[in-house]
Amino acid sequence: MRKKLFALVDCNNFYVSCERVFHAHLAHTPVIVMSNNDGCIVARSNESKKFGLKMGQPVFEVEEIIKAHHIQVFSSNYSLYADMSDRVMKILAEFSPRLEIYSIDEAWLDLTPLSLPDLTSFGRQIKSRVYQFTSLPVSVGIAPSKTLAKIAHEIAKKHNAYAGVLDLTALSEQDVDQLLEALPVDEVWGIGMQYAKWLREQGICTVKELKYADEAWIRKHLTVVGQRTVLELRGIACIPLEPEPNAKKGIMTAKTFGREIKSQEELEEAVANYIARAAEKLRSQHSLCSSISVFIQTNRFKKDVPQYSASLTRHLPIPTAFTPDLIKQAREAVRAMYRPGYGYRKAGVYLSKIVPDENLQPDLFGGFSLDVHYKQMRLMAIVDVINKVYGRDTLFLAVQGITRTWKMRQFKLSPHYTTRWDELLSVT
DNA sequence: TCTGGGGTCCTAGGACCC
DNA sequence: TCTGGGGTCCTAGGACCC
């Protein structure tokens, strides 16, 4: 069998790079992008990494550093990033017939069938074409397994000598091992904080040591997932490329509120909105769900006030994607869980037991009519189209509320340059 | 004052069945 | 006093990812 070959292409500091495309003066200056509610740092330019800002760090902890170094700060602008991502992926698709879009800013290419003579120059072509058409910088890692391609990409990104492209297959096994020896074990894809800590306690500190660890012993302690990682480090591809996006098995919408919510009415309103959003996602993948979970919680960071959190799952006799029915269930769940006297900070909904929407069976006992189901689906399809064309929440249910004063904060949002006509970049 | 959101997979253990 | 064994399904919890 032919040896597998993968390329990982990952956009550098993706959210920051997207903002820079439309704010050219921010090149070479420290920039960060914040999470929802402007809470944590989710992207950092290289310049801001130098000031010690960490991924996931709460912004309020580093206000001083931000001020002192004039770091530019942005709220997350997901529609902008999603649109830029689409453009990048379309370009990558030109380089291999088999592409797996792994996240908003990275993709795997299957190079196995391509018989390329010079992989490094192929990687450089990818890099320069993406930059030419989008102004976004990417790094490329090439290797015989996904896990090794990830590592190649990390090295390529960090060390200027590689100019953003590293092909591990061009190196001897000894040279690869030398690189792996210099990397701490937690840099491996699939080894998170818990496993890294445990491995270090067992004397396995570098990627090379993990590569040569006993397979059965790893399997015993890190399950088959860990065993696969070890094999992948040895160049044996165990994780296949998956070009087709799979339908989601669970759909979640959960958000921290912009302020504390005290009343049951507002909590119901927020949850109704999350359901509307989750149901929209459900319909967009042509699915129905028959289980719905709702959770509510107070501010877990406030140690000095009474805490309360609860979750409730309801099973539906007939799978559905009809927003009003789902909202009805969710509101009942909120009413059952709500306790007065608390300041609620976060709520979420989770739709699961998901099935394709063509699988619906008529009810043997006549408690449900397919006619009604199709009518509901047609109505929802119309609502979805209108909201897609005219903007989210052009049409919504009254229980979702009008003012929604609990919504998240986004004080530093840049315009939707690529997805709204009235926010196009203007040159004056 | 201020701490994100949305997923996947694996395993262990209990319920239940024959 | 003795008190099977094997299979399946489901759920909760814990690890991981970006």
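Letters go in sequence order (proteins before strands), and every chain restarts at 1. No experiment lies behind these values; they were computed from the predicted model shown.
- Among the atoms of the strands shown, none is found under 4.0 Å from any heavy atom of V59(A).
- Residue K197(A) has no polar side-chain atom (N or O) positioned under 4.0 Å from OP1 or OP2 of dA15(C).
- Residue contacts for E106(A): at a heavy-atom cut-off of 4.0 Å it reaches the sugar-phosphate backbone alone, with no base atom in range.
- Not one side-chain nitrogen or oxygen of R409(A) sits closer than 4.0 Å to the OP1 or OP2 atom of dT1(B).
- Rounding to the nearest 0.5 Å places OH of Y78(A) at 5.0 Å from CG of N36(A).
- Nucleic acid contact class of M193(A) (heavy atoms, under 4.0 Å, all strands): sugar-phosphate only.
- Between K302(A) and dT1(B) there is no side-chain polar atom (N or O) within less than 4.0 angstrom of OP1 or OP2.
- Residue K353(A) has no polar side-chain atom (N or O) positioned under 4.0 Å from OP1 or OP2 of dC10(C).
- At a threshold of 4.0 angstrom between heavy atoms, the contacts of R219(A) with the nucleic acid are absent.
- Aromatic rings of F6(A) and W108(A) (six-membered ring for Trp) have centroids beyond the 6.0 Å cut-off, not under it.
- Contact annotation for K220(A): no contact, since no heavy-atom pair falls under 4.0 Å across all strands.
- Within 4.0 Å (heavy atoms only), G56(A) reaches no atom of the nucleic acid at all.
- Applying the 4.0 Å criterion to OP1 and OP2 of dG6(B), one finds that K255(A) has a side-chain N or O inside that range.
- Looking at heavy-atom distances under 4.0 Å, I251(A) makes contact with sugar-phosphate atoms alone, never a base.
- Heavy-atom minimum distance, G391(A) versus T394(A): O-OG1, 2.6 Å.
- No contact: V349(A) has no heavy atom under 4.0 Å from any strand.
- Taking atom C1' in both dG4(C) and dC16(B), one finds a spacing of 15 Å when rounded to whole Å.
- Salt bridge K157(A)/E106(A): absent, no basic N to carboxylate O contact under 4.0 Å.
- Looking at heavy-atom distances under 4.0 Å, T253(A) makes contact with sugar-phosphate atoms alone, never a base.
- A salt bridge links R335(A) with E268(A): the distance from a Lys NZ or Arg NE/NH1/NH2 to an Asp or Glu carboxylate oxygen falls below 4.0 Å.
- One finds a side-chain N or O of T256(A) lying less than 4.0 angstrom from the OP1 or OP2 phosphate oxygen of dG5(B).
- What separates CD1 of I101(A) from C1' of dC18(C) is a distance of 15 Å, to the nearest Å.
- Residue contacts for I191(A): at a heavy-atom cut-off of 4.0 Å it reaches the sugar-phosphate backbone alone, with no base atom in range.
- Nucleic acid contact class of R259(A) (heavy atoms, under 4.0 Å, all strands): none.
- Residue contacts shown for D38(A) are absent, as no nucleic acid heavy atom lies under 4.0 Å away.
- E187(A) pairs in a salt bridge (Lys or Arg N to Asp or Glu O under 4.0 Å) with only one of the listed residues (K158(A), K150(A), K208(A)), which is K158(A).
- Checking dC16(B) for Watson-Crick or G-U wobble geometry (two distances, each under 3.5 Å) identifies dG7(C) as its partner.
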